[in-house]
Amino acid sequence: MTRGVCFLVSTRNNRTALALMAATCLLTAPAIAQEPKKGGTLNFAVVAEPPGIDCHGVTTFAFAHPGRPHYSTLLKFAGDHSNLKITGDLAESFEQAKDGLTYTFKLHKNVTFHDGAPMTSADVKASYDRIINPPAGVISVRKALHEDIREIETPDDYTVVFKMKAVNASMLTHFASPWNCIYRAAKLKEDPQFPSKTVLGTGAFQFVEYKKGEVWIGKRYDGYFRPGRPYLDGFRALFVKSNAVATGIIGGQFDAEFRGRTPKERDQIMEGLKDKATLIQGPWISSLLFTFNNSRKPFDDVRVRQALSMAVDRWGGAQNMSKITMLKYVGGLTRPGYEYNLPEDELVKLPGYGRDIEKSRDEAKRLLKEAGVSNLKIKLVNRNVGEPYIPGGIFLIDQWRRIGVETEHSVLETKLFFDAMSAGNFDVLMEFISDFADDPSAQFDKFLTAEKSSQAASRHQDKRLDELFDKQARTIDVVERKKLTQQFEKLAITQSYSASLLWWERIIVLNKKVKGWENQANHFTGQDLTDVWLDE
Amino acid sequence: MLGFIIRRLLLVIPTLLGVAVAVFFLIRVMPGDVVVVKLRADGAQVTEETIQAERKRLGLDKPMIVQFKDYMVGLVTGDLGKSLWTGESVAKEIAVRFPVSLQVSIMASLIAVFIAVPLGTLSAVYRDTWIDNVIRVMAVSGLAIPGFWLGMLIILGLLAFFNWLPKIGYVSIFEDPVTNLSALIWPALSVGFRYAAVVTRMMRSALLEVMREDYIRTARAKGVYQSLVIRRHAIRNALLPVVTVIGLEFAFLIGGLVVTEQVFNLNGIGKLFVDASTRGDFTLIQGLVLLIAAIFVLVNLIVDVLYAFLDPRIRLN
């Protein structure tokens, strides 16, 4: 059932405010168990076009949203962000050895591919072999994340055992990755590139058609292994431009968009649909970062970096920015609300997180003066992506102006932005974190040295962070890992090689008839549509 | 006439080859890496090794001269290559989108011709009267209002008055004419309005010019009816520059519906062009530029042939 929280939404438009209050507060009322209905086709918008159709080779939600309903993975995430857990998908049960070096999965026995062939452990092994050791011509973008797997054994048709070279605390998350689709071994043997040409999985929906730039169609797979699922007859994923989503939902062209909308679009849709809308708002494992080029002066000076972080009023900014942008939550390097992150009372003691902004800015000015750069001029390189990058950049520039720092805002096309990033052509770079799961190994990647991580843009040389990263990645004891991640977070925030600006809010507005969809705090998982149904 | 057409068609080959060579080198001067955008733009943890492997798979690791040779060999054998973004053949990527842009362009042209030629004629014939003034206001409005903005007004109007928007997705007019026309008439109207304005202005000024000619005065002196003078003598001669404008506007529309296609969610050539440029999909950009160059050359040829049809004094050879 859809869960929600009653949000106080302030807006200049009273009618919209009332509609929002009504819609969001309705969700807080004790959920009346509604019997899911079978049938109907879900039309939803996808605001980008996938570069390919091979789960192992793509990284974008533009594939996850239309493609994931066709596939199954070993494990998956279930529930919404408030009670998210890893559960079996193809695995009926799974076990992690106490030493963290063996994972055993017992598979469901009644699973078939959409061509009727039974799914066995050989298919799981072949799929993971393809991820770990991609054959010539196959791109496996997450190969490095699976390097700790030593071998995969298949003692029988329905048991798979993963033996590890070393402990990897993120391994269960990887097994639940929406990208680790299970392909048919026989087809991979014939042609390792088969998945980049044909969609053949064991998911709840069979592939029907993909008209490039237009629509992706799936229909219910009657042989799906979970009894009574899926509820929908099918789905149509319509590829549209982001600015056409609000009018498209109001005009009935589609019923949903699952990436996330801006507050302005939320208001527009709520006003257009009135009582026919369901609003789901919550956290998002995405944040904006501002990364200093530590190979350039004066950003190699910790006083300058700290001063620039301390000038930002995150607490006040979160309140005001959330009215007009997706930027809403104050947090460190992991998502606010995640069990591992620093408690607020510790966070506020770190540079840039103090609640008394005037005091912070006085200290920032003092640090800049001490570093000999009182009249600092900065070039902030940003992406030309409207939300939330541009408003985030403007906010940052205003915050720096208040301590006398002058900033040039250089807004670049995505491809030029990445060029500037890899060439180090920036003073400060507006970056982002966006992952499918709360996992320190994923979220800390951008705070490492370039030697350790290809994602790191800050060009610092602090090996202490690399060491702490390795330690937490190899620790499966939850308490110990939490301690290590918090040490990492404190050190990274104190050094401010790269600093978190604000974490995003995920705003999803659905046509009220869409039921059973849950916000898992990211735009990659929770998209297999198995439990989604239409109340019509 | 036939010799002229064949000669012009043969000239298309060196023209397109020149365009192909220029485009190949010019777009490679542009910074940006399609592979990085493809694999890292959504924040994925992708190693440099994977980036290099994908670059190699796409042939981007080869020296530029080798890439150029491959491209030219492909071009001569009719292979435009594969999109660096989707891996699909460029010809297929274009073929999916071309019918949408072609149909909207044809519909916009028809709207423009059927509105503009009569209005331009009325405006010239009733010069400086209230009829002329009304038509001129309409024409100036058409020139001043951007097509995409009119498109947005149309969409908001459809939502506000009918709570309805056309279905997303292209269905061929031969398959389902009602669905097809209900989706494409709106973008055709929004760009056709501006197009009609341009042609109306051209028709008016060309007709006014012709009406001052000696042969018109002679026809009138002979006692020919005004309507006959206009229909038989004036309009036909005034159409020469109008045909040129119609042709150029049509060719421009095929690749130039960039914003209109986005406003109406149309999967056309303009949207594809923008996407390809944003991503740095060189091979697709090359294919699209070639297509648009070919359309311009072809439309110019048709315009030249129409000249001879409209004015027998023009000898194409």
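Within every chain, numbering begins at 1; the chains are lettered A, B, ... in the order of the sequence lines, protein sequences first and strands thereafter.
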Once you round to the nearest 0.5 Å, how far does [atom1] of [X] lie from [atom2] of [Y]?
X	Y	atom1	atom2	answer
A:Thr247	B:Leu156	OG1	CG	7.5 Å
A:Gln455	B:Arg40	CD	CZ	5.0 Å
B:Asp275	A:Glu49	CG	CD	7.5 Å
B:Arg97	A:Lys212	CZ	NZ	7.5 Å

Could you tell me which portion of [X] (side chain, backbone, both or neither) has an atom closer than 4.5 angstrom to a non-hydrogen atom of chain B?
X	result
A:Leu238	side chain
A:Phe524	side chain
A:Leu145	side chain
A:Val141	both
A:Glu214	both
A:Phe436	neither
A:Ser140	backbone
A:Ser242	neither
A:Ala442	both
A:Pro50	backbone

Considering only heavy atoms, which portion of B:Val96 lies under 4.5 Å from any heavy atom of chain A: side chain, backbone, both, or neither?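 The side chain, not the backbone.
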
With only heavy atoms counted, which part of B:Ile155 is less than 4.5 Å from chain A, the side chain, the backbone, both or neither?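 The side chain, not the backbone.
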
Residues of [range] near chain A, each having a heavy atom less than 4.5 Å away:
range	result
residues 263-272 of chain B	B:Asn265, B:Asn267, B:Lys271
residues 277-295 of chain B	B:Ser277, B:Thr278, B:Arg279, B:Gly280
residues 166-174 of chain B	B:Pro166, B:Ile168, B:Gly169, B:Tyr170

So with a 6.0 Å cut-off around CH2 of B:Trp149, is the heavy-atom count from everything else above 12?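 Check fails, neighbour count at 12 or below.
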
Largest heavy-atom contact set with chain A, pairs under 4.5 Å, which of B:Lys56, B:Arg57, B:Lys92: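 Between B:Lys56, B:Arg57, B:Lys92, the count favours B:Arg57.
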
Given the options B:Glu48, B:Met30, B:Lys38, which has more heavy-atom pairs under 4.5 Å with chain A than any of the others?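 Among B:Glu48, B:Met30, B:Lys38, the one with the most close pairs to chain A is B:Lys38.
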
Could you list all the salt bridge (Lys or Arg N to Asp or Glu O under 4.0 Å) pairs where at least one residue sits in residues 132-145 of chain A, not counting sequence neighbours?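 Residue pairs with at least one partner in residues 132-145 of chain A: A:Lys143-B:Glu49.
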
